[in-house]
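Each remark here refers to the structure printed beneath this line.
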Amino acid sequence: MEYLNLFVKSVFVDNMIFAFFLGMCSFLAVSKNVKTATGLGLAVIFVLGITLPLNYLLYEYILKPGALAWLNPEYATIDLSFLSYIVFIATIATFTQVVEMFVEKFAPGLYNSLGIFLPLIAVNCAILGGSLFMQERGYANLGEAFTFGIGSGVGWFLAIVAMAAIREKLAYSNIPAGLKGLGISFIITGLMGIAFMSFMGIQLPF
Amino acid sequence: MNKEIYTKPFFLGNPITVLVLGICSSLAVTVQLKGALVMALSVTIVTACSSLILSLLRNTIPTRVRIIVQLVVVAMFVILIDQVLKAFAYDTSKMLSVYIGLIITNCIIMGRIEAFALGNKPWPSFVDGACNGLGYGMILIIVAFFRELLGSGTLFGFQIIPASWYLENGGWYMNNGLMILPPMALILLGCVVWIQRSIQKELQEK
């Protein structure tokens, strides 16, 4: 049950886009139509769901202060946590590159719809942000890290698909010339963020 | 070297309002001017230095793995900044929390490296990186100025709006609490874009 609570919390309350502005660049660039937005959203869920547990294991068993004690009790004083940025980003970049090659080779159909987004994802702040939040909040076990990863991914997916749907309709509305395109997208994202704030403080009743 | 390289990043090619790069890690740090200033400086240093290094390496990196190489170089500079901040400005570093780490995936840095540093000599790349960092910082500081002034009545932590004006002291003024909340950063940014595009009409989208 606490997994469900964490999941709902990371989808709605701590939404990557509306609460932390993570992944805004690709959010604004790719939300022009619902189809591509869905593709990118799915790719983000997938990559977050895999890299977060991976980075959790790396942090827990290699980087955390005293984490190397499982190798030899003498190493208990070693603190490698300053290396976490470089390790996290290397994991993410390698993973996306490997997945891209793999998908290209074995599932060309999937590659055409999803593969082009994978290199974009390596530099999507939502992915690295997920790992950094995981480190900062200190999730207790692998299950929690995985749930948080999937939850944040789903939150991001919801946000980008909703935004794309709104922007498709925007094409028909009468907007001041200077506000067209980028300006109005910022303001709409802000308004959606205010709407999402109504989820703040939600606790499931179990 | 032509003059455009110095002026373009501030107006016609501003990374935030025109190229839509680097919004991710920036908006959450604009609640206070101090955070925005530190963030602007950090991004400028990282962009300039990593553009320089990657421009030096540009003929030796195989294209297939260039993203990973870029990320590692950028991550190295970010770790340096993070450690310096932790040592000399611990409060600011705590306030910026994960957003320092997220400089790694700030699209400005990758964008400038891909678009400029990989095809140009080291010195112009350095200047281009630095000017883009400053152009980004300029927008951050504009947004932070309004958010701090209207949201808490202070600038750099100093009280600007006289205490006697406030309602609780018998005056007529009240802080606009909405300004502190994350969505307002986006709405303000939308207004900045609107103003810029009303002046520079060639930027307007059709």
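Chain letters run A, B, ... following the sequence lines, proteins first, then strands; residues in each count from 1. The model shown is predicted, which means the values in this text are computed figures rather than measured ones.
Within the structure, salt bridge (charged side-chain N to carboxylate O under 4.0 Å, His left out) pairs that include any residue of residues 188-200 of chain B comprise B:Arg197-B:Glu205 (at least two apart or interchain). Applying the salt bridge (charged side-chain N to carboxylate O under 4.0 Å, His left out) test to every pair with at least one member in residues 120-140 of chain A, sequence neighbours left out, gives these pairs: A:Asp14-A:Arg137.
Contact check on B:Arg66 versus B:Glu114 returns a salt bridge, with a Lys/Arg side-chain nitrogen under 4.0 Å from an Asp/Glu carboxylate oxygen.
Heavy-atom pairs under 4.5 Å with chain B were tallied for A:Ile127, A:Ile187, A:Leu179; the largest tally goes to A:Leu179. Between chain A and the options B:Ile199, B:Val18, B:Asp82, B:Val78, heavy-atom pairs under 4.5 Å are most frequent for B:Asp82.
Contact of B:Ile187 with chain A is made through backbone and side chain together, with heavy-atom distances under 4.5 Å. Neither the backbone nor the side chain of A:Met192 comes within contact range of chain B, judged by heavy atoms closer than 4.5 Å. Looking at A:Leu128, the atoms closer than 4.5 Å to chain B (heavy atoms on both sides) sit in the backbone and in the side chain alike. Contact annotation for A:Ala19: only backbone heavy atoms (N, CA, C, O) come within less than 4.5 Å of a heavy atom of chain B.
Ring geometry for A:Phe95 against A:Phe46 counts as tilted: the plane angle lies between 30° and 60°, on a 0 to 90° scale. Ring planes of A:Phe106 and A:Phe102: tilted class, angle from 30 to 60°.
A:Phe133 has its ring centre less than 6.0 Å from the ring centre of A:Phe20.
When atom types are taken as modelled, the side chain of B:Asn120 and the backbone of B:Ser125 share no donor-acceptor pair closer than 3.5 angstrom. Side chain of B:Ser93 to backbone of B:Ala89: no donor-acceptor contact under 3.5 angstrom is found.
Checked against ring-ring contact (aromatic ring centres under 6.0 Å, His included), A:Phe199 has the following partners two or more places apart in sequence or in another chain: A:Phe12, A:Phe196.
Identified by a heavy-atom distance below 4.5 Å to chain B, the contributing residues of residues 166-177 of chain A are A:Pro176, A:Ala177, in residue-number order.
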